[in-house]
Every structure is written in C-alpha cells, then in structure tokens.
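One structure is given below, encoded as structure tokens.
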Amino acid sequence: MIRALDIYITSMKNSFAARMAYRADFFFCCIMIFISELLFPLLTMLIYSTGGTFPGWNLAEVMVLQGVFMLSKGAANLLFFGVVYNTLSRVREGTYDLLMIKPVSTLYISVASGFEPDSIGTVLGGLLVIAYSLGKLSQPNAMQWLRFALIFFLSVLVMFAFAVLMAATVFKWVGNSRIYEIFDNITAFGNYPRSIFSKSFQNIISFIIPVGIIAFYPASALLGKDISGILPSICICVIFLLGSLALWKFMLSRYTSAGG
Amino acid sequence: MGIININELKKVYTTYERGSSFLDTVKSLFVRKPIDIEALKGITLNIEEGELLGFLGPNGAGKSTTLKILTGVLYPTSGKVDVMGYTPWKQRKAYVSRIGAVFGQKSQLIWDIPPLDSFEMNRAIYGIPSQDYRRRLDEMTQMLSLENIIRKPTRQLSLGERMKCEFIMAMLHAPRIVFLDEPTIGLDVIAKEKIRDFILEQNKRGVTFILTTHDLGDVEQLARRVVVVNYGEIVFDDTVDSLRKLSGIKKRVELATKKELPDLSGMPGVQLTGRTSPCHAELELDMEQLELNMFLQNINQNYVISDLTMSDPPIESVIKELYTQKERQPVTL
Amino acid sequence: MSIIKAAAGPALKAASIMKAVAFATYKEWAAYRSHAMVSLFVGPVYFLVQIFIWKAVFSSRGSINGLSLDQMINYFGVAVLINYLIMDFADWNLQMLISTGKFLSYMLRPMSHIYFALSQKVGHRVLGFTIEFIPVYLILFFVFGVRIVPARPVFAVISIMLGFIMMFLVDYCVGITAFWLTRTSGVRRMFLLLRDICSGMFLPLTFFPDVLQKILFYLPFQFIAYVPVRVCVGSYELGGISLDIPRIVGIQAVAVLAMSVFTVVFFKLGTKRFTGVGA
C-alpha cells in the first residue's frame, strides 16, 4: 500500500515536472480548458435566456448538475484518465512492453504514469460553476452534502470504469485516438436532467451504461431532489466496474499472446 | 541446470490478410482470412549464471519473440521456460523484479525531466530501499562518469549519455539477469567503448547478460558464447572462437604476379572475388577442397608471385552465411 | 491562345499533383477503417442528444429565436453532415511536422506545403464522403426521418466547398503558430474552441447576444460551417442582417480569398523563422 502510494506520488511529481518544462503552455492550457469546460453551462444559459427550459429544472439547478459533471470529469482526467492515451500511444509505439517488465500491476503503473496536470482547469471550472449556482439556491443541509459526497464517489468510480474500458479497447484498436469522442458522446447524456430523455433512454442511462450516476444523481442529491431510483443504478455501477476490469485483464492476456 | 533453461519453445502468431484496394477494405469489414506464422519452431537453450551471451539473427528470425517471452511480455504457444526458478509469463511480477532490460530503441527515461527523476520512479516501482538506491546510483554514475549529467533534462543529453542513463535505469534494482537489445545502436566509437566496458565490468561481478544486436563489434568484444537464430530455429550455438574458426576453412588471398593470370575460378575450391588488373586477383580459397601449399607452388611456377597477402574472412561473412544458409520459407502476408 | 496554353501547363501539373497526393492520402486512411466506424456512431448519437434537448426545450413553447423545433433539428442534422465534409487535422499535422523537425523535408520539395496539405485534405474528405457522410446521411434519413435536401443545390455545393477551404485555412494558420511556439497545445485548444463556438457547430449563431453576432459576422469562423448550414437550410441571418443565398455565398468567397492571402503571408513569415528544430 505504501509502495503503491510511493509509486503514484513519484509518478505524479514527474508528470508535473515534465509539464512544467513548458510552463507557459501549461498555464495557457489550464485556462483554455477552464474556459472550454464552461461551454456547456454557457449554452444552457443561452437556451434559458431565449426562454427555453428543461422541464422541472431551473437554470441554477441545471448548472449545478453540469458543474458536478465537470468536477467528476476533471477529477477523472487529473487522476487516471491518462491511462487511455498512455496505453494507446505505448501500444502503438511498441513501448507498452516497458511497463510490463516492471514488478507491479500493469494497470496500476499505466494509471499512475498517466497523471494529467492540465485538468486542474476542469476541476476549478466545476467548483466555480457549482459554487456560483448554489449561491442562487437554498443551501443544502448536511445530509444532502453527505449523500452528495457518497454518490459523487460512485461517479468518479464510473469514470474510472470508463477509463479502464477504453484502455482495454485500445489494446486491440491500435491508433484509434477517436475513442475519446465516443466517450464524450456517450457521457453527453449525463450532462442534462434525466427527465428530458424518453423513457427507454432513461432506462439505458440508468441500467445499462450508468451515465446517470456521473452528474444527475449526485446533483439531485445535493439539490434535495428525488433520487429514489438510484439503488439499481449503484449495482450497475459496480457491475460496470468489474466488467471493465475483467475486459482489461482479458485484453492484456490477448496482447501478451499476440505480441505488439 | 543453468540460470535460464528453455525447452522446445514454440510461438505461432495468427494475423489477418488485409488487402489494399477499396473493395478489399470493404470486404475486410466483414470477412478476414487468418494466416498462421510460426515465429519460433522449437528452441532449446540453456544459459549459465554469469554468462555473456550474444544472441543474433536477421530481422524477423524470432529474436525479439524469444526476448519478449524471456521478459514475460509474451506467452509462448508451447514449450517450457525456467529462469531462476520462475516461468516468466506466469509469475510475471516476482520474476521481472529480478531482471533488467535495456532497449536501444525504446527509452525508459522521461523526455522532459532529468534522468535522476526517472531513476526515482524506478526506485518507487521496484521498492528499492533508499540506502541501496543511493549506493548503487553513486557507484554506477561514477563508473559511467555521469555525475553532472543526471540532473539535466533528458532531452538535452547526447544519445550516448542517454544510453548510459538507460543502463542505470535498468540496473538500479541489482538484477541478476539483464537483457540488452541493440544497446549501442547509433553511438559513436567512444560511447560504445564506455558502454562495453561497463557491461564487462558488471558481468565480472556476476550479472548474466543476454545481448541482442546487429553490431558484430559488440559480439566480438563482449560475448564468449554466440547463439544464432534463423527462421525460428537455432542455427548456431557455440563460442565466439569457434564462430571465427567456422570461417577458418576459408582464406582470403590477394595475389600479384609477374605474368598475366588466367581466370582461376575454374579450379576446384577457388573463387574469384576481385580483379583490378591482369596481374592481380583477389580470391577466396576453400581449404577443404585444395591444399594451400600446392596451390601457391602451382601459381608461383606458372606466373611468378610478386606479392601476396592472406587473411581470414571477417566474422561478418560467417554471419552472413548463417543468415542466408537456408532457403527462406515462403510466408504470405 | 498561347496565354491559355501557358496557364494550362502549370494548372494541369497542379491538378495532377493534387490527384496523386489526394489518392495516396485516401489509400493511407482507408486502412484506418475503425476511424470511420467511430463517425457512424458519434454523429447519430450527438444528433440524438440534440433531439432530446430541443424537444424538451420546445415542449413549453412553439418557437425560439424565430426557429421552430423542426427547423432546429434540421439545423443540427445539416451541421452534423457538413462536418464530415469539411473537418480536418491540418493544425495538428503542421505543428507536429514543425516541432519534430520533419517539416524540413517539405522545405526541400518543389511545392508549397500549403498546397500539399490541402491536397491531403481533399483525399481525406473524399474518403470521408464515401464512408462517413453517405452512411450517416442515410441513417438520418431513414432512422430519424430528417429529409435534408438543399433548397438551392448548386449554391449549397459551392458554399460547402468554400467552407471546406475556410476550415483548412483557419486550422492551417493555427498550425503555423508552431513556428514561434515550442508547444502549441494551449493555442490550438483556444482556437479550436473559438472555431467550434463561433462557426455555429454547437448552437445557431443567432442565439448569441446581438453585439456578439455583429462581431461574428466579420470573423472568418461563420464561413466555415454556419454559412454552409444556413445555405443548405435555405435562409441566412446573422446580427440582424438577412441576405439572400447568392449574396452570402459571394461574401463567403471574398472572405475565403482574403483568408488565403493572409495564410500565405503568415506561412512565409513562419518559414523564415523555421530553424529546423530537431533535424
């Protein structure tokens, strides 16, 4: 455990130092990411300003939801999403083997060496949007915060499952950098209140691909909205994570039998 | 029982046929034709602790497949491998903490930060106790005279300096076996020498090295034993000396004579390799087919020798022969 | 007559170069069939999300910003499709060539890299037309029932071609910044974001505040996607300015010409700076 932490922290330091070699670009990237993440809330504001609404949600509430989405995505990007690009580029360049000759879990090391400092912009953007929007609403009580924290943990877990799933895919699917587009595409459903989707789609994002848990449920919990349907979603989350890990294992063993 | 024991190791890859025309591309969306490629056809090899083994073969001969299996990166199709009591691909983690690897073409260093930070990474990954880490790091930086180098960003280092750092990276955790894949590729003479000295020194201290390379200078100066693979099989396994002797049955002769020489290639065991003037010829003689003294006497009597140099063919030509010996089996890709 | 002949020589040569480069690019990318498969998924799913959003938004009212639900959905359908015809990675490619020093080999060729890159884009998009545009068009047509037929097909085609060139020029200029910057990821992020927002990919530009719309009219971005989309939909409006189709396409052509001149000048300045990093 201590060694695992040691590895992660050393690796994090290195990623940070490497990024700092291009300091100006780093700060610029952070700011740009920060601004581009504000895009979704901005579009929502434009829609509301012209008189459109999402049924059952006022503007500040939708922005809390989208802020939570940013926060979850930001945390994921910062901490472990680098695993996808890391795997992709290493498999393509034939340097994945270098990770496999290390005496630790290959998944762990490819996660650890994928720390992505730029995403601090996304995290800050999320926090800002949540804080700003909550300021316009009645303050959540301690229970709501607690519920939020627990569900938000699950949200990050789902993100981790997505990261592992994508990393598993790029073993076979060498060179497909568009994998992120698919991810953004699927999770886009999580950026809006569940109620705007048709019944069948609500079921898909709750019970098949747990996109609802990324932002809809944590935001609902924070805002004191009804989250009665969450239990099956939590189970799906766990299954999704286990499934992703299993697929990753399977793909790694295929990789080791086929060679680079 | 050696430190590495390989028995009847086989590896078959399955790939798919992929056409290039538009129609082929569309077709390949639906049906793909599998093709089996036998990369290793049953390799048996034992290596003793402390050996420095040169592992050679032309591109695509099965070298890197063997190396990948031995580093635990690849599963074989069949066969047994026992290295220090481990089966590499089965007990990967425990096994790889006891080996090291240097790839001349794949860097383990992080480009934008000093090598020292990359070394730190390996300290954490291999769980090297801080004291050991410091001691080994100091020792190796001194040996390779890198004291001032390891704090500069990697991207500012010369290729030679980088390669030396790769060695430190691979050996900080005191591995018993180190795999080297083209460790001197692209280096200048001085850097090469420094690295070869380092390898020899580490070998003296008991580290086993498996050296894969296309640089025969590496082999001649470092290895005592040479294994050559080709077409997925071992075609030579003996000492470097006997590799040289293999060429000993042939001699290269440069002849200058007073009288004009005829075309000598008609004589049994004689091959004409060069001709610059009527009185001058370069020959390759096969000692199994002709008596050297008889041949020279004969030439001297008929054409009067004015100058003569004789040499063994370089090791390259032996290797070349080993590489091209057998017909390449047709492989459809 | 002789003038025509004199001009025909280089023009033919340029055409044959473009054909050769485009064809090679087409073949190169045909190998990445999975890239195309991604489009077949991403485009329709993005479109589906838009349908849900706008259905929800329109549920309480009949029109927003003068657009009905059907027009809105049509707008996004056309935007998704046009994207397949005009997208490129010219910025990424050029900055990569410069920062790795590979650009040197293009300096040694007897042709401008701008033209080479444009030819590559032609090949890439011809491929995109066959394996992305057509399938997605059919999906939108049959699955979503979106019947997209431009009101004035000839102008639509011209406008899309101009959008194709404009996108290339904008991206290429972003790539040129690599002559001055060691790392361009920040700048590229900024411009691509600006491009996507200001070109109307995410939202019709008429949703923006009036002042912003007036500024956007004079920037190159609207000519990338917003203009072609509006031309296909059949009506153009921005910043309170309504124009008929031939006129806005004419303005688009002038804008593309101006942007071309700018690109060439900017590129010349850049190559002067080029020091052959890493070569």
Side-chain angles (χ1 to χ4, degrees), chain A residues 1-23 25-26 82 86 89-115 117 171-172 174 249-260, chain B residues 11-15 37 39 64-65 67-77 88-89 91-103 105-114 116-128 130 153-156 166 169-170 173 175 179 181:
Chain A
M1 193 60 202
I2 291 171
R3 189 162 142 212
L5 212 61
D6 187 12
I7 292 172
Y8 194 87
I9 290 170
T10 315
S11 180
M12 200 165 92
K13 273 190 206 154
N14 279 351
S15 304
F16 202 73
R19 197 64 185 93
M20 277 304 147
Y22 307 94
R23 211 167 300 233
D25 188 61
F26 169 70
N86 199 7
S89 57
R90 281 175 178 276
V91 169
R92 182 165 47 193
E93 283 155 23
T95 50
Y96 199 82
D97 302 359
L98 296 179
L99 296 184
M100 295 185 63
I101 57 168
K102 307 284 183 191
V104 280
S105 147
T106 309
L107 180 60
Y108 187 71
I109 187 125
S110 44
V111 168
S113 53
F115 182 77
F171 268 119
K172 179 75 191 148
V174 187
K249 277 223 160 109
F250 172 73
M251 292 308 265
L252 182 74
S253 78
R254 265 182 68 130
Y255 177 79
T256 49
S257 72
Chain B
K11 178 71 196 175
V12 180
Y13 293 109
T14 307
T15 59
I37 293 169
S64 47
T65 302
L67 213 62
K68 277 185 176 178
I69 292 173
L70 286 181
T71 47
V73 173
L74 192 65
Y75 283 71
T77 307
W89 59 94
Q91 296 132 295
R92 192 185 63 82
K93 275 191 241 175
Y95 169 69
V96 294
S97 67
R98 286 163 178 80
I99 62 162
V102 174
F103 301 94
Q105 319 231 50
K106 297 177 190 173
S107 178
Q108 306 202 47
L109 302 168
I110 302 170
W111 186 246
D112 287 317
I113 57 175
L116 191 58
D117 292 335
S118 299
F119 299 159
E120 267 295 315
M121 185 76 210
N122 264 16
R123 180 200 54 72
I125 290 173
Y126 288 91
I128 310 169
S130 287
T154 303
R155 69 184 130 86
Q156 291 175 9
E166 298 282 354
M169 191 84 177
H173 59 289
F179 295 91
D181 188 7

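Quick note on labels: first sequence line is chain A, next is B, and so on, each numbered from 1. As the structure is a computational prediction, the values presented were derived from the model and not from experiment.
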Choice from Q108(B), E120(B), Q105(B) maximising heavy atom contacts with chain A below 4.5 Å: Q108(B)
Using non-hydrogen atoms and a 4.5 Å limit, figure out which bit of S107(B) sits close to chain A: side chain, backbone, both or neither. backbone
Roughly how far, to the nearest 0.5 Å, is the CD1 atom of I113(B) from the CZ atom of R19(A)? 13.5 Å
Are K102(A) and M121(B) side-chain neighbours, meaning at least one heavy-atom pair lies under 4.5 Å? no
Of the listed G72(B), G127(B), A39(B), P76(B), the one with the largest count of heavy-atom pairs under 4.5 Å with chain A is G127(B)
Given that the side chain runs from C-beta out, which part of S105(A) has a heavy atom under 4.5 Å from chain B: side chain, backbone, both or neither? both
Nearest non-hydrogen partners of I109(A) and I125(B), listed with the distance: CD1-CD1, 3.0 Å
What pair of heavy atoms forms the shortest contact from Y126(B) to I101(A), and how long is it? OH-O, 3.3 Å
Can you find a pair of side-chain heavy atoms, one from T71(B) and one from M100(A), that are under 4.5 Å apart? no
Ignoring hydrogens, what is the shortest heavy-atom contact between G94(A) and K106(B)? Give both atom names and the distance. O-NZ, 2.8 Å
Check whether the side chains of R92(B) and T256(A) place a donor and an acceptor atom closer than 3.5 Å, and report yes or no. no
T106(A) portion near chain B, given a 4.5 angstrom heavy-atom threshold: both
Tell me, for F103(B) versus chain A, whether the close heavy atoms (under 4.5 Å) come from the side chain, the backbone, both or neither. side chain
Check this for me, if you would: do K68(B) and D97(A) make a salt bridge, where the nitrogen-to-carboxylate-oxygen distance has to be below 4.0 angstrom? yes
Residue part contacting chain B, namely of I2(A), when any heavy atom lies under 4.5 Å: neither
Here the pair of heavy atoms bringing T10(A) nearest to A124(B) is OG1-CB, 3.6 Å
Do Y22(A) and D112(B) touch side chain to side chain, with heavy atoms closer than 4.5 Å? yes
So for R155(B), is it side chain, backbone, both, or neither that comes closer than 4.5 Å to the heavy atoms of chain A? side chain
Minimum heavy-atom separation for I110(B) to A18(A), with atom names? CG2-CB, 4.4 Å
